[in-house]
Amino acid sequence: MNRLIQPSMSPNIETLLQRSAEFELALHAEFPELELRLADSSPKLELVATAVIVSLEHGSVLRKAIEVGASNTGAALLRLQNEAVLKAAWLLFTATPPQVEKLAVPLESGAEQAAKGLPGYLDMLAAVQKSGPAGLTQPLMEFNQYSRHALNSFVHTGIHPLSRTKEGFPLPLAEKILKFANAHSHLAYRILAVLTGEQQRMNQVTKLYLAFADCLPMTTANETNPP
């Protein structure tokens with residue numbers, strides 16, 4: 001019989017969740033002001049910041065999903081978090097003024113139709129790869145190559161979530177999802193730091209991973225220079 005809820009968390013997951021929360025607090029502490037101070041008040045930077053906030057929202061709820069044993073939901077949220085970070089990077093490094101304008105207009109009847117002409121995931125990724133810094137593009141490219149397609153299955157209730165629900169969600173996979181979510185949150189905060197135009201803050205946010213390597217995936221992405 002299929003389980004209606006996941007089994008209780010393992011000690012490893014509990015520890016990882018605690019460290020993930022500490023990492024999030026440490027990142028957030030680098031932005032003590034009540035409102036984010038952008039280098040300028042252009043619609044472009046405001047959109048980038050908004051996309052980052054969406055990605056952080058996904059990451060926060062993802063941790064809660066893992067905490068209550070809803071790992072399928074966590075996997076789907078990781079896919080959403082990834083695209084929100086990619087959208088922020090695309091807006092920052094490659095989006096043209098007309099593209100920014102399409103996303104900045106009020107949400108009215110014609111706005112959604114106009115936005116349909118914007119680049120899709122792979123087009124955004126290709127553009128960011130050409131124009132973005134390696135410290136940002138490399139993890140996004142690796143995620144697309146090794147993780148995105150499987151996570152799409154969780155978004156669309158494909159073979160992956162159906163199989164995991166019948167057979168039980170492997171705890172190592174849940175841990176991996178959580179670590180990748182933390183890495184995406186780190187990228188998101190690094191982009192926020194770039195938006196402030198303050199080099200010291202950029203450096204501090206980038207180097208925070210050193211104290212939290214235990215809750216991040218083993219990847220060279222964290223060893224490269226900041227955006």
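- Under the side chain to side chain contact (heavy atoms under 4.5 Å, CB included) criterion, A193 pairs with F31, R201, M202, V205, sequence neighbours left out.
- Under a hydrophobic clustering in which Ile, Leu, Val, Met, Phe, Trp and Tyr are joined whenever their side-chain heavy atoms come within less than 4.5 Å, directly or via other members, F154 and Y146 fall into different clusters.
- When atom types are taken as modelled, the side chain of S153 and the backbone of I159 share a donor-acceptor pair closer than 3.5 angstrom.
- Side-chain atoms of S60 do not come within 3.5 Å of backbone N or O of L56 as any donor-acceptor pair.
- At least one side-chain heavy atom of L140 sits under 4.5 Å from a side-chain heavy atom of N82.
- Atom CZ of R190 is separated from atom CG of L136 by 7.0 Å, given to the nearest 0.5 angstrom.
- For the pair L27/L192, no side-chain contact is recorded, criterion being any heavy-atom separation below 4.5 Å from C-beta on.
- Proximity of I177 to F169: side-chain heavy atoms (C-beta onward) are separated by under 4.5 Å at one or more points.
- Remark: F143 engages F180, H184 in a ring-ring contact (aromatic ring centres under 6.0 Å, His included) (not counting sequence neighbours).
- Cluster membership check: L62 shares its hydrophobic cluster with L173, using side-chain heavy-atom separations under 4.5 Å among Ile, Leu, Val, Met, Phe, Trp and Tyr.
- Linking ILVMFWY residues whenever their side-chain heavy atoms come closer than 4.5 Å, directly or via other members, places L208 and L195 in the same cluster.
- At a threshold of 4.5 Å between non-hydrogen side-chain atoms, the residues C215 and Q18 do not count as touching.
- In this structure, L17 CG and N12 CG are separated by 11.0 Å, a value rounded to the nearest 0.5 Å.
- The closest side-chain heavy-atom distance from V155 to L151 is not below 4.5 Å.
- The hydrophobic clustering, which links ILVMFWY residues whose side-chain heavy atoms are closer than 4.5 Å, places L103 and V100 together.
- Taking NZ of K176 as the start and CG of L171 as the end, the distance is 15.0 Å to the nearest 0.5 Å.
- The side chain to side chain contact (heavy atoms under 4.5 Å, CB included) test applied to T73 returns A65, A70, L77, not counting sequence neighbours.
- When every heavy atom of Q81 is checked against every heavy atom of S55, the shortest pair comes out as CG-O, 3.4 Å.
- Annotation: side chain to side chain contact (heavy atoms under 4.5 Å, CB included) contacts of E57 (sequence neighbours excluded): none.
- Checked against ring-ring contact (aromatic ring centres under 6.0 Å, His included), F23 has the following partners two or more places apart in sequence or in another chain: H186, F212.
- Across all their heavy atoms, M141 and L125 have their closest contact at SD-CG, 3.5 Å.
- Closest heavy-atom contact between D214 and L16: O-CD1, 4.1 Å.
- Rounding to the nearest 0.5 Å gives a distance of 11.0 Å between CZ of R19 and NZ of K179.
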Contacts table for residues 83-95: side-chain donor-acceptor under 3.5 angstrom, sequence neighbours left out:
{"from": "E83", "atom 1": "OE1", "to": "R79", "atom 2": "NH1", "distance (Å)": "3.0"}
{"from": "E83", "atom 1": "OE1", "to": "R79", "atom 2": "NH2", "distance (Å)": "3.0"}
{"from": "W90", "atom 1": "NE1", "to": "T94", "atom 2": "OG1", "distance (Å)": "3.2"}
{"from": "T94", "atom 1": "OG1", "to": "W90", "atom 2": "O", "distance (Å)": "3.1"}

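- Atom CG of N182 and atom CG of L187 lie 11.5 Å apart (nearest 0.5 Å).
- In this structure, CG on L78 lies 12.0 Å from OG on S71, to the nearest 0.5 angstrom.
- Counting non-hydrogen atoms of other residues, nucleotides and ligands closer than 6.0 Å to CD of E22 gives a total above 12.
- Side-chain atoms of E142 and Q138 include a donor-acceptor pair closer than 3.5 Å.
- Under the 4.5 Å side-chain heavy-atom criterion for ILVMFWY residues, a single connected hydrophobic cluster contains both V61 and I13.
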